[in-house]
Enquirer: 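So that we are looking at the same thing, I have put the structure below in structure tokens.
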Amino acid sequence: MKSPGFQEFSDRVQKYVQLHKSVEGTVPKLKATNEPELIVAHQKILARKIKAARAHAKRGDIFTPAAREDFLKAMSSEFQGPQAPHAKATMKQGALLKEVHLHVNEIYPESIPHTSVPPTMLQKIPKLPEELAYRAVSSDLVLLDVKANLVVDYLPGVIPVEATNGR
Amino acid sequence: MILRRRFFLIGILLLLATAQRADEFKFPLKSNSVRFAAIGDMGTGDNPEFETSEQMNEQRKNFPFDFVLALGDNLYGGHSPTDFEKKFASPYKALLDSGVKFYAALGNHDDASERFYKPFNMNGANYYSFKKGNVHFFALDSNYMDPKQLEWLQKQLESAGSNEWKICFFHHPLYSSARKHGPATDLRLLLEPIFVKYGVNVVFAGHEHVYERILPQKGIYYFTEGSSGQLRAGGLDRSDITAAGFDTDRAFMLVEVVDDQMYFEAVSRTGKVVDSGVIQRQQAATAAKP
């Protein structure tokens with residue numbers, strides 16, 4: 001039984017995935033190929049179409065206020081409980097060299113590494129369908145469309161600052 | 001002064017002994033063996049990557065390996081078609097042209113779209129498995145160890161044969177003495193019990209831009225090879241779990257599995273063998289013999 005915030009989040013995720021799938025259905029299916037041009041073009045077209053379909057997307061559409069509360073609780077327990085040293089060690093793996101500012105419905109910057117959300121944390125927060133993944137960027141929790149490489153939404157400041165020190 | 005001279009002599013003797021052991025080490029090169037190379041953190045497109053791949057070609061003349069495990073960070077920075085060419089297809093052209101297959105895992109600098117790049121043999125999947133002879137390989141996505149992937153891994157390991165080698169490879173090392181990132185201990189909490197339960201023999205990782213062999217941990221052998229393009233010179237703080245290490249030049253690994261033995265070498269960009277040994281399958285308590 002999910003908490004109301006996580007349930008709301010999962011419902012919004014489902015709606016997003018429906019939109020993603022309907023857009024993806026209009027793009028030729030990508031298969032393994034020797035031609036990187038096809039891979040890059042597929043990602044770009046998909047991103048462009050999803051961006052257009054969500055032209056008015058804004059922060060908080062999916063990470064709703066209720067969801068934020070539940071994620072904050074989960075993060076807080078992860079970074080303050082017995083798992084904390086391990087979770088902090090994961091955050092150090094990302095090694096971001098500079099402050100990054102993300103924008104909803106924009107491409108995830110290719111210049112920054114894909115930082116991991118502590119894997120023990122991934123076992124405690126809502127599971128995501130294959131189209132989406134969580135990323136931790138600075139102190140923000142990001143919802144990424146992995147096929148389109150788009151920032152779907154993000155929760156600013158939910159990862160404790162001390163965990164991101166030393167990147 | 002006398003004490004210092006004694007230490008010096010002991011040092012020289014140890015060096016000679018190590019050199020002798022390296023000279024004595026020989027791959028069996030059995031006709032039915034599984035032979036492969038392992039590289040990590042290579043996708044820079046810079047000269048050292050090219051020079052390391054040239055050395056791999058050179059080594060292949062005497063050690064004809066059939067495939068390469070790519071341990072992540074296959075393409076740094078951009079992911080344009082030019083990047084695929086400059087950072088992978090071009091440096092490894094000779095190997096690719098001679099039919100060597102690459103099996104890639106995703107690193108933190110990789111874009112998920114690499115899954116669809118045929119030469120990486122990922123077939124669109126973040127994680128996958130394949131078999132070669134008596135070895136079952138499991139490529140994991142350590143960027144995103146969600147419940148779905150863990151469940152998949154357990155099922156795959158469960159269905160693997162008990163007489164097979166089980167080798168996992170992914171980007172973030174569970175054990176490491178390198179000072180930049182250190183071990184991914186959170187990931188270790190999830191993966192190690194599974195590895196132990198299902199009898200994983202060997203794990204290859206990258207991420208730290210050094211070479212390191214770890215003393216067996218709970219019976220499992222861990223290698224970090226993250227210096228096939230990148231290098232963090234002097235980045236290894238040898239610790240009590242370090243069996244061997246190399247952090248002064250780029251490197252790659254060569255491996256041959258013959259029945260229950262796994263022979264390995266770590267080779268530098270200049271062709272120097274910096275580590276070698278033999279691992280006995282499921283001899284958890286025994287350290288690798290140089």
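Here the structure is a predicted model, which means the values were calculated and not measured. Chain identifiers are assigned alphabetically (A, B, ...) following the order of the sequence lines, protein sequences preceding nucleic acid strands; residue numbering begins at 1 within each chain. What you see below is based on every heavy atom in this structure, not just the backbone, and it leaves out hydrogens, waters and symmetry mates.
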Enquirer: Using modelled atom types only, decide if a donor and an acceptor are shared between the side chain of A/Gln123 and the backbone of B/Met145 within a distance under 3.5 Å.
Expert: yes
Enquirer: Looking at every non-hydrogen atom in both residues, tell me the closest pair between B/Pro81 and A/Pro36 and how far apart they are.
Expert: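 For B/Pro81 and A/Pro36, the tightest heavy-atom pair comes out as CA-CB, 4.0 Å.
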Enquirer: Considering all heavy atoms of both residues, which atom of A/Thr33 and which atom of B/Pro119 are nearest to each other, and what is their separation?
Expert: O-CD, 4.1 Å
Enquirer: What part of B/Thr82 gets within 4.5 angstrom of chain A, counting heavy atoms only: side chain, backbone, both, or neither?
Expert: neither
Enquirer: Go through the atoms of B/Asp83 and report whether side chain, backbone, both or neither lie under 4.5 Å from a heavy atom of chain A.
Expert: neither
Enquirer: Would you check if the side chain of B/Asp186 reaches a backbone N or O of A/Thr120 as a donor-acceptor pair within less than 3.5 Å?
Expert: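 Flag set: sc B/Asp186 to bb A/Thr120 pair under 3.5 Å.
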Enquirer: Ignoring hydrogens, what is the shortest heavy-atom contact between A/Ala133 and B/Tyr144? Give both atom names and the distance.
Expert: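 Where A/Ala133 meets B/Tyr144 most closely, the heavy atoms are CA-OH, 3.5 Å.
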Enquirer: Could you report the tightest heavy-atom contact between B/Ala112 and A/Val146, atom names first, then the distance?
Expert: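 Residues B/Ala112 and A/Val146, closest heavy atoms: CB-O, 4.0 Å.
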Enquirer: Is it the backbone or the side chain of A/Asn149 that comes under 4.5 Å from a heavy atom of chain B, or both, or neither?
Expert: side chain
Enquirer: Heavy-atom distance under 4.5 Å to chain A: side chain of B/Arg115, backbone, both or neither?
Expert: side chain
Enquirer: What distance separates A/Leu38 CG from B/Lys118 NZ, expressed to the nearest 0.5 Å?
Expert: 11.0 Å
Enquirer: Where does A/Lys44 contact chain B at under 4.5 Å (heavy atoms): side chain, backbone, both or neither?
Expert: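 Neither part.
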Enquirer: For B/Leu187, is it the side chain, the backbone, both, or neither that has a heavy atom closer than 4.5 Å to a heavy atom of chain A?
Expert: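 When you check distances to chain A, atoms from both the backbone and side chain of B/Leu187 fall under 4.5 Å.
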